[in-house]
Every structure is written in C-alpha cells, then in structure tokens.
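Keep in mind that what you see is a predicted model, and the values were worked out from it rather than measured.
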Amino acid sequence: MDLGKTAGKARMLRLASFPIAREMKTGAFRSFFRGRGIEFDSVREYQYGDDVRAIDWNVSARTGKTFVKTFSEERDLSVFIILDASRSMNTGTGEKSKLDHAVEAAALISFAAEQLPCPVGGVVFDGKIGPFIKPAEGLENVISLFTVFEGFRTDVPGSALTETISGCMPVLFSPSLVIILSDFRVSGFKKALERLAFYHKVIAVKITDSATGEIPGHGLIRFSDPETREEILCRPESYSFKTAWEKDSSENTAYWNSLCAKCGALPFELPVNLDAAAALAAFFAAKNKIVSPHFSASVSSGG
C-alpha cells in the first residue's frame with residue numbers, strides 16, 4: 001500500500017467530511033451524538049448532607065441501612081463502523097467498485113465523528129474477520145482505522161457478516177452508533193443484527209451498483225459469480241432474463257427494508273454513482289428519518 005497516497009486521500013476525505021459533521025451536530029441525528037444528561041451509576045450509604053430525594057428506598061429497606069443513588073454524566077455515543085470487503089463488494093460496472101465507495105463512505109463518517117468529537121472505531125471483514133480498532137477519540141485513531149480499511153484485501157471467499165456483528169458486542173461497552181456498510185448479499189445475519197440493534201443504534205448502509213436495477217448491456221453477456229467465480233452467458237434483452245432481473249432487484253430491496261425494520265436498524269441505500277459526501281450529509285440532515293424507518297439517498301451525483 002502506498003502510504004503517501006493513502007495520507008493524501010485521507011486529507012481530502014477529512015475536508016469533504018466537514019458538511020457531514022455539521023449535519024451530525026444540527027440535523028435530526030444530533031441527539032444521537034450528545035450526552036443526554038445523567039444516568040444511574042450505583043448506590044452508597046447515606047452521608048450527612050446528601051439529598052434525601054436520592055435515597056434508594058428499596059435497597060434501604062432490604063439492608064436496614066440508608067442508601068442513596070449516585071449518578072454519572074452520560075457520555076456521547078461512540079461511532080463504530082463495520083465494513084464489508086467480501087468479493088461481492090469488490091465488483092462494479094463503473095470505474096468505482098462497491099468496496100471503493102464503502103471505504104470512502106466509512107472514512108467520511110469517521111472523520112466527521114472525529115470532529116464532533118466522538119470516539120470512533122471499526123472492523124473490516126470478508127470471509128474472515130479483520131482487525132478490530134476499538135473506539136477512541138482523536139485523529140490518530142481515525143487515520144489508523146482508515147489505513148486498515150484501505151489495506152484489508154485478503155480475498156477470502158464468503159462473508160463473515162454474522163460473525164462480525166456478533167463479535168462487536170464485547171467491544172462496545174457503552175451504547176454506540178453502529179454503521180454497517182455492505183451490499184448485504186448474504187443471509188443468516190438477522191438474529192445477530194436484531195441483538196446488536198437492541199443494545200445500540202444501528203444504521204445499515206446498503207452499497208449498490210448503479211446497474212443493480214437496470215439491464216446490463218445487450219447481446220451475449222458473460223456473468224460471473226464473485227464468490228465462486230463461476231460464469232454463465234446470458235442475453236439481457238430476452239424477456240425472461242429482463243423479468244427475472246427486475247423481479248430479483250425489487251424483491252431484494254423490499255426484503256432488505258423489511259428485515260431492517262424487523263431488527264430495529266435504520267436502512268440507507270447508497271448507490272455507487274452518488275457522491276458519498278453529499279448523500280451522507282443529506283442523510284444526517286433529513287428531518288423525517290426519526291419518524292420514518294426508511295431513507296434512500298436521493299441527492300444528485302457530482303461535487
């Protein structure tokens with residue numbers, strides 16, 4: 001990996017993340033990133049001068065001594081990013097692959113959270129789980145995370161999405177905003193996602209190719225399965241192929257939205273042909289997302 005090129009890209013992405021950070025602070029998601037006041041911590045024996053309103057009557061009755069509740073200030077949420085680098089992500093019909101787009105989006109979110117400031121961490125996976133970067137504040141930790149995301153290319157077949165989601169639970173000690181960047185072309189992760197969303201706020205960012213819902217080309221086209229590397233020849237203009245392609249695309253989108261809703265995760269579709277910085281800024285600024293569980297990027301591509 002060219003470290004100089006990576007550092008230059010990181011600087012550019014950090015500059016591009018400023019509008020996202022602004023919307024995180026002022027948009028509909030602002031309450032996610034701010035401490036909400038105080039929370040219960042523990043109990044201790046009553047001391048002269050303690051506020052009688054803090055007495056824990058249940059504990060006092062059980063022990064025969066007077067105990068009071070103690071409270072601590074709630075800290076801002078950590079941001080934890082789960083990045084899918086599986087073979088299906090490393091594909092695309094344009095100049096940029098889904099993985100390229102996901103890494104860019106992950107970097108933008110990380111740099112934006114660093115400016116709030118929030119602790120930021122993450123993990124990357126393909127057929128196996130990559131390194132965990134524990135949430136921590138500061139630019140240095142974000143740079144480390146970005147370097148891991150840029151350099152992780154093991155090409156292990158399959159998807160360890162379920163295992164990665166489950167593996168995050170012991171790392172996240174306090175409520176966090178978990179952002180999953182994936183094409184979600186795998187099954188069996190529902191229970192893990194449901195459990196994660198029970199304890200944390202989860203945004204499921206589905207990275208899609210610009211041709212996902214379109215018929216790709218004309219004539220005899222070679223299609224390759226990115227996981228198995230098997231190939232078949234098809235004619236996209238045929239009625240049967242066109243019908244099956246459009247039905248599959250529609251059903252996958254509907255199933256994914258329904259699955260996220262059932263699990264308590266917020267779905268967000270991010271096509272490769274959209275500018276990631278603009279789409280993410282619009283997402284975090286949207287007024288309707290707290291009410292509506294579904295938000296799809298609709299900003300135009302470009303600067």
* Taking side chain as C-beta onward, heavy atoms only, is V103 less than 4.5 Å from E150? -> yes
* Asked: How many angstroms lie between atom CG of L161 and atom CZ of R185, to the nearest 0.5 angstrom?
  -> 13.5 Å
* Structure fact -> Heavy-atom nearest pair, A10 first then I143, reads CB-CD1, 4.0 Å
* Asked: Within a strict 4.5 Å, meaning less than it, do heavy atoms of the I203 and F284 side chains meet?
  -> yes
* Asked: Can you list the steps and then say if F80 with I179 is a side chain to side chain contact (heavy atoms under 4.5 Å, CB included)?
  -> CA-CA 6 Å; F80 194 82; I179 301 173; over 6 Å; no
* To do: Enter the distance from D84:CG to L99:CG here, rounded to the nearest 0.5 Å.
  => 8.0 Å
* **Heavy atoms of other groups near K96 NZ, more than 12 under 6.0 Å** => yes
* Using a 4.5 Å cut-off on heavy atoms from C-beta on, say whether the side chain of I129 contacts that of V123. => yes
* Main-chain N/O of L270 paired with K206 side-chain donor or acceptor, under 3.5 Å -> no
* OH on Y46 to OG on S60, rounded to 0.5 Å -> 11.0 Å
* Any side-chain heavy-atom pair of R22 and F18 under 4.5 Å -> no
* Under the side chain to side chain contact (heavy atoms under 4.5 Å, CB included) rule, what do L266 and V202 come out as? Steps first, then yes or no, please. => CA-CA 6 Å; L266 184 68; V202 179; over 6 Å; no
Show which side-chain atoms of residues 187-200 pair as donor or acceptor with protein atoms under 3.5 Å away, not counting sequence neighbours.
from, atom 1, to, atom 2, distance (Å)
H200, ND1, S176, N, 3.0

* To do: Would you please test D155 and R87 for salt bridge (charged side-chain N to carboxylate O under 4.0 Å, His left out) and show each step?
  => CA-CA 7 Å; D155 198 34; R87 286 179 176 178; 3.1 Å; yes
* To do: Consider only side-chain N and O atoms of N141 and S144, and report whether a donor and an acceptor are under 3.5 Å apart.
  => no
* In Å and rounded to the nearest 0.5 Å, what is the CG to NZ distance from L177 to K201? -> 8.5 Å
* **For F268 against A279, the heavy-atom pair lying closest together** => CZ-O, 3.9 Å
* With side chains defined as the heavy atoms from C-beta onward, is the minimum distance between F67 and I55 less than 4.5 Å? -> no
* Could you tell me whether the side chain of I180 reaches within less than 4.5 Å of the side chain of V205, counting heavy atoms only? => no
* To do: Evaluate side chain to side chain contact (heavy atoms under 4.5 Å, CB included) for T154 paired with F152, printing each intermediate quantity in order.
  => CA-CA 6 Å; T154 64; F152 184 83; 3.7 Å; yes
* Do you know which two heavy atoms are closest between L181 and A102, and how far apart they sit? -> CD1-O, 3.7 Å
* How many angstroms lie between CZ in F146 and CD1 in I133, if you round to the nearest 0.5 Å? -> 13.5 Å
* Asked: Do you know the tightest heavy-atom contact between V171 and K134?
  -> CG1-CG, 4.1 Å
* Taking only Lys NZ, Arg NE, NH1 and NH2, and the carboxylate oxygens of Asp or Glu, determine whether K9 and E104 approach each other closer than 4.0 Å. => no
* Dump the intermediate steps for side chain to side chain contact (heavy atoms under 4.5 Å, CB included) on T208 and E269, then the final yes or no. => CA-CA 7 Å; T208 61; E269 189 171 328; 3.7 Å; yes
* To do: Kindly work out whether a path of hydrophobic side-chain contacts (I/L/V/M/F/W/Y, heavy atoms less than 4.5 Å apart) joins L15 to L13.
  => no
* Taking all non-hydrogen atoms of both residues, which atom of D126 and which atom of A85 are closest, and how far apart? -> CB-O, 3.5 Å
* Asked: Are side-chain heavy atoms of V148 and V124 found at a separation under 4.5 Å?
  -> yes
* To do: Of all the heavy-atom pairs spanning T164 and F132, show the shortest one and how long it is.
  => O-CZ, 4.4 Å
* To do: Answer with yes or no whether the hydrophobic clustering places V68 together with V52; edges join I, L, V, M, F, W, Y residues whose side-chain heavy atoms lie under 4.5 Å apart.
  => yes
* Tell me whether I82 is reachable from L259 by hopping between hydrophobic residues (I, L, V, M, F, W, Y) whose side-chain heavy atoms are closer than 4.5 Å. => yes
* Is the backbone N or O of V59 less than 3.5 Å from a side-chain atom of T63, with the two atoms forming a donor-acceptor pair by type? -> yes
* Asked: Does L274 reach the side chain of P271, with side-chain heavy atoms less than 4.5 Å apart?
  -> yes
Can I get a per-line list of side-chain donor-acceptor pairs under 3.5 Å for residues 109-122, giving both atom names and the distance, sequence neighbours left out?
from, atom 1, to, atom 2, distance (Å)
S110, OG, A106, O, 2.7
E114, OE1, R14, NE, 3.0
E114, OE1, R14, NH2, 3.2
E114, OE2, R14, NH2, 3.1
Q115, NE2, S17, OG, 2.7
Q115, NE2, F111, O, 3.0

* **Interatomic distance, D100 atom CG to M89 atom CE [nearest 0.5 angstrom]** => 9.5 Å
